[in-house]
Engineer: 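Take this structure first; my questions come after.
Because the structure is predicted, anything quoted here is derived from the model rather than measured. Positions are given from 1 along the sequence.
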Amino acid sequence: MRVNGKTEYRTVINKNLQEDLLKYCKDRNIKSGLIFRGEDGEHLPTAYIYSAIRRIAKKADVDVRKANFHSFINIFIDSFYQNSVDSIK
């Protein structure tokens, strides 16, 4: 999957994850739009996502005061990048 940034395209997920997401969409007959949806078919509420991040932080023994969208994304990217580098070695 590639995303159009301000000046360039960049890959944001690896091929395996892309294949898993495509299978998820196919199994649920999702042809366009949102992949993860609320019960009403619309986007997941911000409060729900924030609550999920806090639950993940608690399970990972991370200070929940530091559990927010920006930190979660950075941790995911750092972990994903490190695992990608390790798998290449």
Side-chain angles (χ1 to χ4, degrees):
M1 174 182 280
R2 294 169 59 90
V3 174
N4 185 8
K6 291 180 182 177
T7 59
E8 63 187 43
Y9 284 97
R10 58 195 166 108
T11 302
V12 294
I13 60 173
N14 73 10
K15 190 75 170 161
N16 291 336
L17 180 54
Q18 182 179 0
E19 290 169 0
D20 289 345
L21 288 172
L22 288 171
K23 182 180 181 327
Y24 179 90
C25 290
K26 182 177 180 183
D27 291 348
R28 288 159 181 77
N29 199 30
I30 300 170
K31 296 181 194 258
S32 65
L34 300 169
I35 295 175
F36 304 108
R37 306 164 190 233
E39 292 178 7
D40 60 359
E42 296 297 319
H43 66 84
L44 294 171
T46 302
Y48 174 83
I49 296 170
Y50 183 71
S51 175
I53 290 172
R54 289 176 57 92
R55 283 192 309 272
I56 292 167
K58 285 179 185 177
K59 286 182 181 181
D61 200 26
V62 171
D63 184 351
V64 294
R65 293 173 296 173
K66 297 180 181 178
N68 57 58
F69 296 111
H70 186 75
S71 296
F72 187 75
I73 290 167
N74 285 340
I75 290 168
F76 173 79
I77 290 170
D78 290 345
S79 298
F80 180 77
Y81 176 76
Q82 187 59 47
N83 288 333
S84 296
V85 170
D86 289 345
S87 68
I88 294 171
K89 290 180 181 178

Engineer: State whether the number of non-hydrogen atoms from other residues, nucleotides or ligands found under 6.0 Å of Tyr50 atom OH is greater than 12.
Structural biologist: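 Yes - once you tally the heavy atoms of other residues, nucleotides and ligands closer than 6.0 Å, there are more than 12.
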
Engineer: Passes side chain to side chain contact (heavy atoms under 4.5 Å, CB included), Lys26 versus Leu22? Steps please.
Structural biologist: CA-CA 6 Å; Lys26 182 177 180 183; Leu22 288 171; over 6 Å; no

Engineer: Once side chain to side chain contact (heavy atoms under 4.5 Å, CB included) is applied, do any residues pair with Asn68, and if so which ones, sequence neighbours excluded?
Structural biologist: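 Testing Asn68 for side chain to side chain contact (heavy atoms under 4.5 Å, CB included), a comparison that skips the adjacent residues, returns His70, Ser71.
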
Engineer: Do Val64 and Ile56 sit in one hydrophobic cluster, given that two such residues count as connected whenever their side-chain heavy atoms are within less than 4.5 Å of each other, even indirectly?
Structural biologist: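 Val64 does not cluster with Ile56.
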
Engineer: Let me check something: any side-chain donor-acceptor pairs from residues 28-47 under 3.5 Å, sequence neighbours excluded? List them with distances.
Structural biologist:
unit_1: Arg28; atom_1: NH1; unit_2: Tyr24; atom_2: O; d: 3.4
unit_1: Arg37; atom_1: NE; unit_2: Leu34; atom_2: O; d: 2.8
unit_1: Arg37; atom_1: NH2; unit_2: Ser32; atom_2: O; d: 3.1
unit_1: Arg37; atom_1: NH2; unit_2: Leu34; atom_2: O; d: 2.7
unit_1: Asp40; atom_1: OD1; unit_2: Glu42; atom_2: N; d: 2.9

